[in-house]
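Reviewing the structure listed below.
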Amino acid sequence: MGIFAFSAPDPCNAFITRIPEAEYGDGKLAGVSIAVKDNISTKGIPTTCGSKILEGYIPPYDAHVVELLRAEGAAIVGKTNMDEFGMGTTTENSAYGPTLNPADRERVPGGSSGGSAAAVASGMVAMALGTDTGGSIRCPAAFCGIVGMKPTYGRVSRYGLVAYANSLEQIGPMAANVPDISLLLQVLTCHDPRDSTSITAPYTHTPDPDIHGLKVGVPEEYFGKGVDPRVASIVWEGISLLERLGAEIITCRMPSMDYALAAYYVTCMSEASSNLARFDGVRYGPPADPKKQWHESFQERRRDGFGKEVRRRVMLGTFALSSGYYGKYYAKAQSARRNVAADFSRLFSEVDVLAGPTMPTIAFRVGEKSDPLSMYLSDILTVPANLAGVPAISVPCGKVDGMPVGLQIMGRWCADERVIDVAYAFEEGVSA
Ligand code: GLN
């Protein structure tokens with residue numbers, strides 16, 4: 001037992017709330033400083049989701065993952081900045097100001113778990129928790145030069161996570177290297193009856209870097225239109241390193257990629273419109289005029305409490321679910337989603353893992369993605385793993401223009417162990 005004095009400066013605005021004297025205990029993570037994304041409930045510590053609408057909210061309970069961290073002795077030193085409710089790829093959509101990239105403060109750290117990534121990359125904390133609905137752990141890990149993993153859907157309990165799009169999202173580990181990711185995942189995977197999608201598949205693995213004979217599929221679409229050629233070439237070099245380490249490289253096709261992004265955005269906005277309906281602004285958030293009629297003040301509180309991107313998604317999601325349009329948008333998105341899952345199962349009957357870039361480009365400049373569609377397009381390489389529920393990791397793979405690039409490894413459903421082994425082999429190979 002002890003107290004972790006957390007006084008590191010935060011020039012990148014990685015934190016929304018800091019705990020200057022964090023308690024820790026005994027266990028696998030005794031005294032390890034961990035930052036938690038601010039959409040994960042922490043008893044007695046404000047949880048804002050990067051939104052004004054939750055201003056003043058202090059959860060009365062811990063999320064399952066936070067209970068597990070505390071039980072293993074971690075020092076939870078604060079709550080990290082994020083795009084409001086997880087909606088974004090830059091951590092600029094936060095009511096608490098943008099987070100900046102520690103490698104270049106004129107650039108974004110990626111999102112939506114940008115605060116967690118910046119906190120790890122700048123050495124403020126040893127490890128962090130993020131959440132990944134469509135890439136929000138892997139994108140900032142790639143942009144900041146750290147490791148981040150989205151585990152198999154269901155392997156980590158979402159109890160206590162403020163939902164954005166339930167059918168897609170997972171809580172996952174972010175750290176400076178693969179063994180730390182593995183250690184944190186050992187702590188986080190535990191069946192939880194309070195999350196109905198929780199599966200019983202504890203991760204007890206120790207990373208093994210031997211990848212001789214492993215089949216690595218490389219989908220051509222991961223090097224297609226929109227991928228910066230400099231990023232493509234450095235990731236190809238990374239893939240050749242896997243080959244030198246004994247893996248067999250097989251190029252393949254993922255035709256469902258044509259519709260993956262549209263399927264993702266229709267699905268996540270639909271789920272968001274339903275999830276966010278609970279925020280009426282009555283107990284938390286900016287106060288409303290008590291003399292106004294209920295429906296007026298409700299509208300006002302939601303208008304003032306939510307940022308622009310959240311309002312856009314709630315409206316589009318409500319539209320996609322409305323009668324008369326449901327079949328055209330939501331139902332169609334679900335059939336495109338099934339095609340993505342079918343592509344993965346076909347490919348995973350031929351190869352062990354899939355590899356490609358995590359993001360099509362390096363970190364954007366602050367303010368560069370002012371048009372929402374161009375920001376959405378940058379999620380094209382990360383959303384397939386969420387649509388199919390399979391595990392995926394981003395591991396640092398060199399630099400372009402001084403900015404980090406991530407190599408993404410995706411695996412079969414519940415083969416998180418294998419994904420970690422390949423990432424570990426790569427990490428060891430790079431430093432050899
Ligand atoms: N950028 C994607 C979105 O805005 C992914 C976000 C996430 O994974 N939370 O929905």
Side-chain angles (χ1 to χ4, degrees), residues 27-29 34 36-43 47 49 59-72 74 76 85-86 112-113 116 127-138 148-175 181-205 264 267-268 270-272 274-275 278 334 337-338 340-341 344-345 348 382-393 410-420:
K28 274 189 190 159
L29 299 172
I34 298 195
V36 174
K37 189 176 179 180
D38 212 19
N39 56 351
I40 299 174
S41 302
T42 39
K43 187 175 177 176
T47 297
C49 296
Y61 68 103
D62 275 332
H64 186 62
V65 290
V66 173
E67 290 174 352
L68 294 169
L69 292 181
R70 292 200 200 282
E72 289 297 345
I76 295 175
F85 289 101
S112 63
S113 314
S116 288
M127 302 175 186
L129 295 189
T131 63
D132 191 310
T133 310
S136 281
I137 289 177
R138 288 162 287 155
M149 178 170 185
K150 181 198 88 70
T152 295
Y153 184 76
R155 218 158 171 184
V156 176
S157 164
R158 288 178 292 110
Y159 175 78
L161 163 66
V162 181
Y164 156 24
N166 322 48
S167 78
L168 298 157
E169 62 207 1
Q170 271 295 282
I171 296 172
M174 304 175 82
I181 291 283
S182 177
L183 173 65
L184 195 45
L185 198 58
Q186 285 179 9
V187 174
L188 299 177
T189 50
C190 171
H191 175 71
D192 178 13
R194 296 169 298 183
D195 172 355
S196 62
T197 60
S198 168
I199 56 176
T200 307
Y203 170 94
T204 53
H205 188 64
Y264 169 77
T267 305
C268 75
S270 302
E271 292 185 22
S274 154
N275 278 319
R278 68 179 65 123
Q334 299 324 299
R337 182 175 186 174
R338 282 190 291 276
V340 174
F344 274 109
S345 5
F348 284 140
T382 48
V383 299
N386 301 79
L387 289 165
V390 300
I393 197 168
M410 295 169 277
R412 294 188 183 119
W413 188 81
C414 232
D416 303 62
E417 289 78 358
R418 167 119 345 133
V419 166
I420 287 204

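Between M127 and A175 the shortest heavy-atom distance is CG-CB, 4.2 Å. For L184 against P173, the heavy-atom pair with the smallest separation is CD2-CB, 3.6 Å. Of all non-hydrogen atoms in C190 and H64, the two that sit nearest each other are O-NE2, 3.7 Å. Between P391 and C414, the closest heavy-atom pair is CD-N, 4.2 Å.
Taking CD1 of I76 as the reference point, atom CZ of R70 lies at 4.0 Å (rounded to 0.5 Å). With values rounded to the nearest 0.5 angstrom, L29 atom CG is found 5.0 Å from I34 atom CD1. With rounding to the nearest 0.5 Å, the separation of CD1 in I137 from CE in M149 is 9.5 Å. Atom CD of residue E417 and atom CG of residue L185 lie 8.0 Å apart, to the nearest 0.5 angstrom. Separation of atoms CG (D62) and CG (L69) is listed at 9.0 Å; rounding is to 0.5 Å. Between the CD1 atom of I171 and the CZ atom of R158 there is a distance of 8.5 Å, given to the nearest 0.5 Å.
Listed for the Q170 side chain is no donor-acceptor partner under 3.5 Å among the backbone atoms of K150. Panel note: side chain R138, backbone T382; a donor-acceptor pair is recorded below 3.5 Å. Listed for the R337 side chain is a donor-acceptor partner under 3.5 Å among the backbone atoms of L387. For the pair S345 (side chain) and A341 (backbone), a donor-acceptor distance under 3.5 Å is present. In this structure a side-chain-to-backbone donor-acceptor pair under 3.5 Å is present from N386 to D132. Judged by distance alone, with hydrogens and angles left aside, the side-chain atoms of S41 form no donor-acceptor pair with the main-chain N or O of Y61 at under 3.5 Å. Within the 3.5 Å criterion, the main-chain N or O of A163 finds no donor-acceptor partner in the side chain of E169. Side chain of N275 to main chain of Y164: a donor-acceptor pair is present (N/O by atom type, distance under 3.5 Å, no hydrogens or angles). The main-chain N or O of P151 is never found under 3.5 Å from a side-chain atom of D416 such that the two would form a donor-acceptor pair. The backbone N or O of S136 lies less than 3.5 Å from a partner atom in the side chain of S113, making a donor-acceptor pair.
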Decide side chain to side chain donor-acceptor pair (under 3.5 Å) for S116 and K37; before the verdict, give the C-alpha distance in whole Å, the side-chain angles of both, and the deciding distance to 0.1 Å. CA-CA 6 Å; S116 288; K37 189 176 179 180; over 6 Å; no
Go through T42 and T47 one step at a time and tell me if the side chain to side chain donor-acceptor pair (under 3.5 Å) criterion holds. CA-CA 7 Å; T42 39; T47 297; 3.3 Å; yes
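With a 4.5 Å cut-off on side-chain heavy atoms, Q334 and T267 count as touching. Using a 4.5 Å heavy-atom cutoff, the side chains of Y153 and I199 are not in contact.
Y203 and S182 are linked by a side-chain donor-acceptor pair at a separation below 3.5 angstrom, with hydrogens and angles left out of the test. Under 3.5 Å, the side chains of D192 and S198 contain no donor-acceptor pair of N or O atoms. Neither side chain, R194 nor S157, offers a donor N or O lying under 3.5 Å from an acceptor on the other.
A 6.0 Å sphere centred on NZ of K28 holds more than 12 heavy atoms belonging to other residues, nucleotides or ligands.
Screening L161, V65, V162 for a side-chain contact (heavy atoms from CB on, under 4.5 Å) involving T131 leaves a single residue, L161.
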